[in-house]
Amino acid sequence: MAITGINNSSCTSYYASNYKNTVKKTDSEKDSTNTKDGNVTTSTVELKTSRPGVTKTEQIKTGYSNVNDYSKYLQGKYHYMNIGLTSMQGIPTTVSVSSAFLQKCMNDPEKAKYLEENLAAIPDCTKDTINGCLGTVTNQSYMIDANGNIIETASCTNDPDGKIAKENAERKAKENREKEEKIKEKRAAKKAEEEKAAKKRAEKSAEGKETGDYTLSVTGNDVKSMTQSLVAESVSISAPDRSSFDIKA
């Protein structure tokens, strides 16, 4: 990985510099589960993190028919990818991935895993850059080219009057506020869904009371089909008829 900048001799970099240098997956790293939705496959894998020896279980998707859909999926997880200039830890940051490499990754689980490992590591690596570089970081960029090579660039300054550090702090505070707002929105949406579900349960319970008591008995040798038969019979019989039934599955 190439790092360029001013007064940045102490800058640290992520473990992967290009795709060719990645290690082939071992048996323990292979996908543990795979599910398909149309042509898109969801794989549960172990991803390396920016911390040596630390991995995390993550779901990645491949099998997209076009780069646009694959990009939308990635941006849902890594909002800073290919959106131009953004702020990360208060630092003006650009993260760009070549469309040619995205096309290679979208149908190749091994390349996709490599890409997501590096995209996921960028926020932590930004912290390392801020803490490790001499002076104040003014901006940074991460570029992944058509072959998966990563170029990280960080520009730094002595910032004698502290102006840049203050601007970075203001941007970071704004980031935190936006994150808090998103968390609040998610909590509100979840609460609304829970209240909606509770209302439906209450309505269903009330309907049950109106229909009177009844018992259904199902005989068979396939519990799934038996349950389906029981439920189907339950909703099909009218209230006056509900007393006790035996059903053959």
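Because the structure is predicted, anything quoted here is derived from the model rather than measured.
With values rounded to the nearest 0.5 angstrom, Gln103 atom CD is found 12.5 Å from Asp108 atom CG. Put simply, CG on Leu74 and CG on Asp69 are 11.0 Å apart, with the number rounded to the nearest 0.5 Å. Note that OG1 of Thr49 and CG of Asp124 are 7.5 Å apart. Values are rounded to the nearest 0.5 Å. We find the CG-CG distance between Asn66 and Leu102 to be 11.5 Å, quoted to the nearest 0.5 Å. Asp145 contributes atom CG, which lies 8.5 Å from atom CZ of Phe101 (distance to the nearest 0.5 angstrom). Distance CD1/Ile60 to OG1/Thr42: 9.5 Å, rounded to 0.5 Å.
Listed by first then second residue, pairs satisfying side chain to side chain donor-acceptor pair (under 3.5 Å) with a partner in residues 180-199 number zero, not counting sequence neighbours. Legend: side chain to side chain donor-acceptor pair (under 3.5 Å) pairs involving residues 76-95, not counting sequence neighbours, sorted by first then second residue: Glu58-Lys77, Tyr73-Lys77, Lys77-Glu116, Tyr78-Glu116, Ser87-Glu175, Gln89-Lys172, Thr93-Gln140.
Partners of Lys174 by salt bridge (charged side-chain N to carboxylate O under 4.0 Å, His left out), not counting sequence neighbours: none found.
With hydrogens and angles disregarded, a donor-acceptor distance shorter than 3.5 Å links the side chain of Lys104 to the backbone of Ala146. Formation of a donor-acceptor pair under 3.5 Å by the Thr157 side chain with backbone atoms of Thr136 is not found in this model. The backbone N or O of Ser155 lies less than 3.5 Å from a partner atom in the side chain of Thr138, making a donor-acceptor pair. Side-chain atoms of Glu152 never come within 3.5 Å of backbone atoms of Tyr142 as a donor-acceptor pair (strictly under, hydrogens ignored). Remark: the backbone N or O of Lys224 is paired with a side-chain donor or acceptor of Asp222 at under 3.5 angstrom. In this structure, the side chain of Lys113 engages the main chain of Glu46 through a donor-acceptor pair within 3.5 Å.
Minimum heavy-atom separation, Ala120 to Lys56: CB-NZ, 3.9 Å. Taking both residues in full, the closest heavy atoms of Ile130 and Val137 are given as CA-CG2, 4.1 Å, listed atom of the first, atom of the second, then distance. Annotation for Pro109 and Thr62: closest pair CA-CG2, 4.0 Å, computed over non-hydrogen atoms. Between Ala112 and Tyr70, the closest heavy-atom pair is CB-OH, 3.7 Å. Shown here for Ile83 and Gln75, the closest heavy-atom pair between the two residues is CG2-NE2, 4.0 Å.
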For Asn118 and Ile150, what are the C-alpha separation, side-chain angles and deciding distance, and is it a side-chain contact (heavy atoms from CB on, under 4.5 Å)? CA-CA 9 Å; Asn118 282 282; Ile150 304 170; 3.3 Å; yes
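A heavy-atom distance below 4.5 Å is not found between the side chains of Met81 and Ser96. Side-chain contact check for Tyr64 versus Ser71: every heavy-atom pair is 4.5 Å or farther apart. Under the 4.5 Å side-chain criterion, counting only non-hydrogen atoms from C-beta, Val95 is in contact with Ile122. Thr57 places none of its side-chain heavy atoms less than 4.5 Å from the side chain of Val45.
Under 4.0 Å is where a charged nitrogen must lie from a carboxylate oxygen, and between Asp128 and Arg51 at least one such pair does.
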